[in-house]
There are 2 protein chains.
Amino acid sequence: MPHTDPEDRTRDRSRTEDAILAAARAVLIEKGFGGWGVNAIARAAGCDKQLIYRYYGGLDGLAEALGTEMARDIVTALAAVPVPQLNTYGELVAAMIDAQLHVLQGHPVMQRIIAWELSEANDLTRAFAAARSQALLGWFTRVKGDIATPPGIDAPAINAVLIAAVQQMVISSAAIGSFAGMPLAEPADWERLRMTLRHLALAAYDAREPAK
Amino acid sequence: MPHTDPEDRTRDRSRTEDAILAAARAVLIEKGFGGWGVNAIARAAGCDKQLIYRYYGGLDGLAEALGTEMARDIVTALAAVPVPQLNTYGELVAAMIDAQLHVLQGHPVMQRIIAWELSEANDLTRAFAAARSQALLGWFTRVKGDIATPPGIDAPAINAVLIAAVQQMVISSAAIGSFAGMPLAEPADWERLRMTLRHLALAAYDAREPAK
DNA sequence: TGCACATGTCACCACCCGGTGATATTTGCC
DNA sequence: GGCAAATATCACCGGGTGGTGACATGTGCA
């Protein structure tokens, strides 16, 4: 029976490609970028490491694939933000911050990649950071056209600071479960952070923030 | 001549101890924690790695020494903050944030250690994070007694968010020179960040921030 | 059927790592 | 001077890494 069903073939390139990609994610999540190598990934994927070189061109190509996935996930998350309902600049920023917090918190691969960027400066990590910046800034410039930018305020800097806080808090929570004495484990902790970020965004932009 | 001057001895324990510690800092700064190991440090110190084990008890003891130095540097930097001149809670927080930004920006070892904390969760990195948190919170609780805490505001959360932003921006600048499209290289960039953080702190706490 | 190719496996290489025991040399005291 | 201890060096171990060439086996087409 030479013509077997593609589903239960023992030799299926696309299947092993998926297995390698999944293993690449799993190893990155479990061991971090320090333990992210061909041997560990091949072991986790249950195949020979040679296939990583054949199908992805080695670690670099595999990392690129993860970066592409990450950028796509950010775009997807931002696309779900209900922009038309936001009528002030502060509300828009608060929504963006909220989306960023949400997607990053549920995305351990992105968390590891960000920690990677912060630890090693090379072409790969620079490409990671650029992809995320582009996804964020692209969405924002595309959306802010509808809403007036407050005058006399350094909006890009404030937005960068808020995004930076989100990143640091989420990455720190994954590593040690808290930050500067503020616990980051229970859902209530995250709600507290969410409210704080919203408060800051509104206080920075909208003259009178609504009572909470 | 058995009684040589201690200054030009070839065999001087305290001298090599200092050399090892300096090499530990240098290697951490240059290669990051991924390349921070006994072989590289001994090579940089110009001595045998055996001495690292003898004098510091291995990598763990050496890392502890670096952590102790870091905590001491934070305390020193905070001690220079002119607390008596600050009469509002927002001003106090702004001064703390400013001190934190200043010390971290001039402390590449601390930058690497923070990136380390964000990448690996073990007893060592947890001890690092705890030491920094303790230095910060200890100073703050010791100082805030003089100034009334604004009611109805989650001050610890806001402070944590601002500190988190500082950390993320500085670490990111060291790694890729910018963050979310905001350049972080020239002194003017840092002044811009400084002003933004101050604006946020005052907007969050003091009802009417002074005109800039 | 037979043959070419795609797919997967294995063995091996040089290199670096952390760690340790044995050994050499200097120092300082008696 | 002599001798013990402190200081420093060397050689080696097992193990892990990224990378590569040779080989085996399943697949699908002529």
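Proteins come first, then strands; the chains are lettered A, B, ... in the order of their sequence lines, and each starts at number 1.
Remark: the B:Arg11 side chain and the C:dT25 base include a donor-acceptor N/O pair separated by less than 3.5 Å.
Atom-to-atom, OH of B:Tyr56 to C1' of D:dT7 comes out at 15 Å; the value is rounded to the nearest Å. As rounded to whole Å, 14 Å separates atom C1' of D:dG18 from atom CG of A:Leu62. Atom OH in B:Tyr53 sits about 17 Å away from atom P in D:dC10, given to the nearest Å. With rounding to whole Å, A:Ile41 atom CD1 is found 11 Å from D:dG19 atom P. For A:Leu51 and D:dG26, the CG to P distance is 16 Å, given to the nearest whole Å. Separating the CG atom of A:Asp60 from the C1' atom of D:dG19 is a distance of 13 Å, rounded to the nearest angstrom.
Taking CD from A:Glu120 and CZ from A:Phe128, the interatomic distance works out to 10.5 Å, rounded to the nearest 0.5 Å.
Proximity of A:Thr125 to A:Leu118: side-chain heavy atoms (C-beta onward) are nowhere separated by under 4.5 Å. Residues B:Leu101 and B:Met169 form no side-chain contact, since every pair of their non-hydrogen atoms from C-beta on lies 4.5 Å or further apart.
Checking the phosphate oxygens (OP1, OP2) of C:dA6, no side-chain nitrogen or oxygen of A:Arg13 falls inside 4.0 Å. Within the structure, every side-chain polar atom (N or O) of A:Tyr55 is placed at least 4.0 Å from both OP1 and OP2 of C:dA6. Considering only side-chain N and O atoms, B:Asn39 lies nowhere under 4.0 angstrom from the phosphate OP1 or OP2 of C:dC16.
Around the CD atom of A:Gln85, the shell of radius 6.0 Å holds no more than 12 heavy atoms that belong to other residues, nucleotides or ligands.
Nearer the 5' end of DNA chain D, as judged by each residue's closest nucleotide, is the contact made by A:Val38, out of A:Gln50 and A:Val38. Each of A:Arg54 and A:Lys49 lies near DNA chain C, and the nucleotide nearest A:Arg54 is the one positioned closer to the 5' end. Toward the 5′ end of DNA chain C lies the nearest nucleotide of A:Thr16, the other residue of the pair A:Thr16 and B:Asp48 mapping further downstream.
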Are B:Leu78 and B:Val103 close enough, and set up right, to give a side chain to side chain contact (heavy atoms under 4.5 Å, CB included), and what steps lead you there? CA-CA 9 Å; B:Leu78 286 176; B:Val103 61; over 6 Å; no
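Of all nucleotides listed (C:dT9, C:dC17, C:dG21), C:dC17 comes nearest to the side chain of B:Arg43.
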